[in-house]
2 protein chains.
Amino acid sequence: MARPDSRHAILDAAEAIVGQSGAARMTLDAVAKRSGVSKGGLIYHFPTKEALLQAMIDRMMERADLMREEIRKKFPDERSNHLAVEMRVFQQGAEQKRPQSVALLAAIAANPDLTSGAREEMSRHFNAHIVSGGDFHRSAILFLAALGMHFLDLLNLSFLTKEQKQEIQEELLRLATGNEGI
Amino acid sequence: MARPDSRHAILDAAEAIVGQSGAARMTLDAVAKRSGVSKGGLIYHFPTKEALLQAMIDRMMERADLMREEIRKKFPDERSNHLAVEMRVFQQGAEQKRPQSVALLAAIAANPDLTSGAREEMSRHFNAHIVSGGDFHRSAILFLAALGMHFLDLLNLSFLTKEQKQEIQEELLRLATGNEGI
DNA sequence: TTTAATGTACCGACCGGACGGTACAGTAAT
DNA sequence: ATTACTGTACCGTCCGGTCGGTACATTAAA
């Protein structure tokens, strides 16, 4: 892995294809072509399509972890407010044109089993941190609302205007940092 | 369409396959076999796979409309509380082992364009009714939370226990029928 | 009243193309 | 010598869709 640029280029290309054209169009040939790597090169890095999908999901989760760390650095007074951190993760993720979590889409389409890692990760975050501190119902509802918005984007089903989205996100963050009743 | 039993059998089979084995396994042959119809018979009713997917989505939306009507009959005092009706739709939908909205999954995997009808339908319900009456933020958050839970089930990503799900659903309904702050 | 024609619903063998994956010889940097 | 590829040719399977037929019910002319 002396020149691991190709690995990232391949993963970027795969994400881009899924985001733009749908999971069904994410063929090995298409990914190779788009990433500027030969098919042989692709197979060198990811011996099967499943390996590629798994790597996409792994990278997605790594990125989310990085995001959490950055946010904790940037907002030190919210360090231990896991719900607020998560709200900011969703908020920041929504600013990108295409959610990086398209990997989930591709995996679900190809082989739903691949998502078990992601499920466990979410479960960990949700149960161990977010809900532990405060009112379960309140935390759960706020988290699920942010998740719902994210899924709407991911599935390209969003019926919200940019302004509506932003407003709701700000409200969710406000509620996550505050203590008002829903 | 004098004896449309086959049509329904085919749609049922397609849903079952997507729900149990994933969208990628929903091949025409598999659907035909499962529905007890020959491939030729399937193609007679649905000339292309896209037509089948479209029919699945159409039926999904029709069913949701029926559900709304039933709920309005069953809970006449909530007739005009669109948010509460929608909460009950989500609640009732979650009671089935597999959400009927697996059609969405199949469509997204095959051809994301097919979901535009569903998006418009959601938009209509959301903007015209749910949000019209009360506090936008509150309604939106409650709706999105219910949607988030639904998507978790749909994508087989749910990390919530049965009890947690039920509790949250009841809380959402309570909030939708009441006036408390979140 | 027999007969011919028409339409509906369905069967299942088959075809062509796409796709995941293999194989392998060569190359260029480290 | 190892690593990280390129390039190309190829293979077998799977899948969407085609096509020629069948069975049967209804209608309509002779």
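Chain letters run A, B, ... following the sequence lines, proteins first and then strands; every chain starts at 1. All values derive from a computational prediction rather than experimental measurement.
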Treating A:Thr161 as the side-chain partner and A:Gln164 as the backbone partner, does any N or O pair qualify as donor plus acceptor under 3.5 Å?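 Flag set: sc A:Thr161 to bb A:Gln164 pair under 3.5 Å.
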Rounded to whole angstrom units, what separation is found between the [atom1] atom of [X] and the [atom2] atom of [N]?
X       : N      : atom1 : atom2 : value
B:Asp29 : C:dC11 : CG    : C1'   : 13 Å
B:Leu28 : C:dC11 : CG    : P     : 15 Å
B:Leu53 : D:dC15 : CG    : C1'   : 14 Å

Give a yes/no answer on whether the side chain of B:Ser6 brings an N or O atom under 4.0 Å of OP1 or OP2 in C:dA9.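 Answer is no, no contact under 4.0 Å.
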Look at the aromatic rings of B:Phe151 and A:Phe151 and report parallel, tilted or perpendicular, splitting at 30° and 60°.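 Perpendicular.
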Show the nearest heavy-atom pair for residues A:Ala103 and A:Met60, with the distance to one decimal.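 Looking at all heavy atoms of both residues, the shortest contact is CB-SD, 4.3 Å.
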Over all heavy atoms of both residues, which pair between A:Leu114 and A:Ile57 is shortest? Give the atoms and the distance, please.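 The pair with the smallest heavy-atom distance is O-CD1, 3.5 Å.
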Output the residues of residues 30-43 of chain B in contact with DNA chain C, where contact means a heavy atom of the residue under 4.0 Å from an atom of the strand; sort by number or write none.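 Residues of residues 30-43 of chain B that come under 4.0 Å of DNA chain C are, in numerical order, B:Val37, B:Ser38, B:Gly40, B:Gly41.
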Can you confirm whether B:Phe136 sits close enough to A:Glu167 that some side-chain heavy atom of one is under 4.5 Å from a side-chain heavy atom of the other?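 The answer is yes, as the side chains (C-beta and beyond) meet within the 4.5 Å cut-off.
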Is any side-chain heavy atom of A:Leu28 closer than 4.5 Å to a side-chain heavy atom of A:Leu52?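 A:Leu28 reaches A:Leu52 side chain to side chain.
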Which nucleotide, D:dC5, C:dG20, C:dC10, lies nearest any side-chain atom of A:Tyr44?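 Given the options D:dC5, C:dG20, C:dC10, the side chain of A:Tyr44 is closest to D:dC5.
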Identify which nucleotide among D:dC5, C:dC10, C:dG20 has an atom closest to any side-chain atom of B:His45, counting heavy atoms from C-beta outward.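 The answer is C:dC10, which lies nearest to the side chain.
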N/O to N/O distances under 3.5 Å, protein versus nucleotides 25-28 of chain C:
none

Within a radius of less than 6.0 Å around CZ of B:Arg174, do more than 12 heavy atoms belonging to other residues, nucleotides or ligands occur?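 Yes - once you tally the heavy atoms of other residues, nucleotides and ligands closer than 6.0 Å, there are more than 12.
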Salt-bridge test for A:Arg59 and A:Asp12: reply yes if a basic N is under 4.0 Å from a carboxylate O, no otherwise.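 Here A:Arg59 pairs with A:Asp12 in a salt bridge, since their nearest N and O are under 4.0 Å apart.
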